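Before I ask anything, here is the structure I am working with.
Every value quoted in this text rests on a predicted model; they were computed, and no experiment measured them. In what follows, residues are counted from 1 in the order of the sequence shown. Start at 1 and go down the list; that is how both ligands and their atoms are numbered.
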Amino acid sequence: MSNKKETKSEVSLEDIVSLCKRRGFVYQGSDIYGGVAGLYDFGPYGVELLNNIKQSWWRASVHRKEDYVGIDSAMFKHPKVWDASGHTSGFSDPLAECKNCNTRIRVDKELEAVGQAADEKMSEDELNKLFDENRSKIGCPKCGKKEFGTVRAFNLLVKSNLGDFAGEGADPVYLPGEACQGIYLNFKNIVDSTRMKVPFGVAQIGKAFRNEISPRNFLFRTRELEQADTQYFVPPNQNKDAYDRIKQERWQWYVDDLGIAEEKLRWSQHENLVFYCKEAWDIEYEYPSLGFDEVEGFHDRTDYDLKQHKEFSGTDTTYTDPRTNEKYIPWVLETSMGMGRIFMAVVSDAYTVEQLENGDTRTVLKLKPELAPVRYAIFPLLKNKPELVEKARAVYAKLSEQFVCEYDDNGNIGKRYRRQDEIGTPECIVIDFDTLEDDTVTVRNRDTTEQVRTQIADLV
Ligand code: ATP
């Protein structure tokens, strides 16, 4: 409508965090105990939005594809899995501790912030040297002092004590550092029990745990996270075309399925690759206050994973092509997206503040209707008129068989609209006295605020 001016560009990360808490999307983990850094709980609307994003991803990554299947593997795994994957020896970030207040900093990120790229391949000595040269520019985020101890590698795996492996001197059992290992472990099972033939892909959404040195920026860097991964198995050296196609398909999912503004997305290529990786790219989103940063990684992992598990487990993971009898260890093309990061991108992208003509502002989450936590809100015009309430409840009962609906009779209609705008409900349905006469309702659109009269029978 012409009486509104959008002021979206001024959105900050704080606005997003505040809306998420105020409207029941995301709460700080263990809030009533003062909160725990890097842990968050999804609230009633948050879990609906999160599930809708997951469903959209699953549809695009599994159901719409002939050559993909999904799995859901156990989080705990045999301790040797993390030796094979390289996590027990190499899954670390460089850490330094403030000598004054013991606050830990992640040295590579602090160096990056002062314009010094720390290469993942650098030895501890090299990192210490680079850190020493830049000490004068790096202050403790808590006390501001510039006195840190030496830089050391800090392993990010989180330990636990699972039954069978809990004895004295036993290897520690780790929580998953990444979700994708379950897919590699089941490659042989899937080949043996289904009709999948290489090339094919496996998708999974799973939890991962990382002892992040400095969790920060809301859901962007947490210690418990969820990853939506696909691993596409291809014959050796037949990686390039599939890799480029998968990258393009994933980009289109952000734009077409989630409705994210394309100018807020960009590709970023990794310059420093781990030794087994042939190529790596990220999709980045331009987050409020943070700027462009990684949402999803694309890794061309060669045959590293299946070879490692073959060696460490003693089980042959070689694939035999039933059409040609050719034997080989497949190469793997990985996509890995953080659910918290995509959730934050979706909310940030939908967050809109409109200046109304009367001087008021209206906050609206302009989510795609398929993603909105509530699809229809149903209001009786007045809550003290039993005929209206009964009719509104009947409409609620009918629509809630197919959609997530919310019944609200609290406050005046204008306030009810505002509440629904903030959680992104695409349409509000008002039951009034005319409804009792002719079975029509008012349907109010979230984005245009226009209201139209519709027959109840035509609602679905
Ligand atoms: P970063 O460099 O930001 O630490 P990464 O390159 O280690 O991330 P991957 O190991 O490739 O990330 O994980 C795949 C995806 O998982 C990332 O693209 C990101 O969306 C998500 N992710 C990784 N670590 C975290 C975290 N601590 N909190 C939230 N999401 C995360």
Which segment of R221 sits under 4.0 Å of ligand 1 when only heavy atoms are counted
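The answer is both.
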Using a 4.0 Å cutoff against the non-hydrogen atoms of E296, which atoms of ligand 1 qualify?
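The list of qualifying atoms is 18 (O).
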For ligand 1, is any non-hydrogen atom under 4.0 Å from R210's backbone (N, CA, C, O), its side chain (CB onward), both, or neither?
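Only the side chain of R210 comes within reach of ligand 1.
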Can you tell me if NZ on K247 sees more than 12 non-hydrogen neighbours from other groups inside 6.0 Å?
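Yes.
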Residue pair W253 / S61, side-chain donor-acceptor N/O under 3.5 Å:
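There is no such pair (donor and acceptor under 3.5 Å, judged by atom type) between the side chains of W253 and S61.
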Closest approach of any protein heavy atom to atom 30 (N) of ligand 1, naming residue and atom:
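That would be R341 NE, 3.4 Å.
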Looking at atom 21 (C) of ligand 1, what's its closest protein heavy atom, distance included?
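Residue, atom and distance for the closest contact: G338 CA, 3.6 Å.
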Starting from atom 11 (O) of ligand 1, which protein heavy atom do you reach first, and at what distance in Å?
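The closest one turns out to be H299 CE1, 3.6 Å.
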For atom 20 (O) of ligand 1, find the nearest protein heavy atom and state the residue, atom name and distance (0.1 Å precision).
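Here the nearest protein heavy atom works out to V295 O, 2.7 Å.
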Classify the ring geometry between H309 and Y184 as parallel (under 30°), tilted (30 to 60°) or perpendicular (over 60°).
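H309 vs Y184 ring planes: tilted.
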Closest approach of any protein heavy atom to atom 13 (O) of ligand 1, naming residue and atom:
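Scanning the protein heavy atoms, the shortest distance from atom 13 (O) of ligand 1 goes to Q227 NE2, 3.2 Å.
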Pairing of D421 and R362 as salt bridge, 4.0 angstrom limit
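Yes, charged N to carboxylate O under 4.0 Å.
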Less than 3.5 Å apart, any donor N or O on the side chain of Y232 or D67 sitting next to an acceptor on the other?
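Per modelled atom types, Y232 and D67 side chains form a pair under 3.5 Å.
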Charged N-O contact under 4.0 Å between E124 and R152:
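Not counted as a salt bridge, because no side-chain N and carboxylate O are separated by less than 4.0 Å.
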Hey, which atoms in ligand 1 end up nearer than 4.0 Å to a heavy atom of F220?
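Every atom of ligand 1 under 4.0 Å from some heavy atom of F220: 26 (C), 28 (N), 29 (C), 30 (N).
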Would you check the N or O atoms of M337, main chain and side chain alike, for any that come under 3.5 Å of an N or O of ligand 1?
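No, M337 has no N/O under 3.5 Å of an N/O on ligand 1.
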Regarding N189 and N186, is there a side-chain donor-to-acceptor distance under 3.5 Å anywhere?
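A pair is found: one side chain offers a donor N or O, the other an acceptor, under 3.5 Å apart.
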Students should be able to answer this: which protein heavy-atom is nearest to atom 2 (O) of ligand 1, and at what distance?
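Minimum-distance protein heavy atom for atom 2 (O) of ligand 1 reads E294 OE1, 4.1 Å.
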Check whether the side chains of R223 and Y40 place a donor and an acceptor atom closer than 3.5 Å, and report yes or no.
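No donor-acceptor contact under 3.5 Å links the two side chains.
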Per-residue contact class, L219 against ligand 1 - non-hydrogen pairs under 4.0 Å:
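Only the backbone of L219 comes within reach of ligand 1.
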Report yes if the distance between the aromatic ring centroids of Y285 and Y287 is under 6.0 Å, otherwise no.
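That pair passes the under 6.0 Å test.
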Taking only heavy atoms of G297, which atoms of ligand 1 are found under 4.0 Å from at least one of them?
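In order of numbering, the contacting atoms are 18 (O).
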Mark up the atoms of ligand 1 that fall under 4.0 Å of a heavy atom belonging to S336, in ascending order.
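Checking each atom against S336, I get 14 (C), 15 (C), 18 (O).
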Purely on distance, is any nitrogen or oxygen of T222 under 3.5 Å from one on ligand 1?
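Yes - when backbone and side-chain N and O of T222 are compared with those of ligand 1, one distance drops under 3.5 Å.
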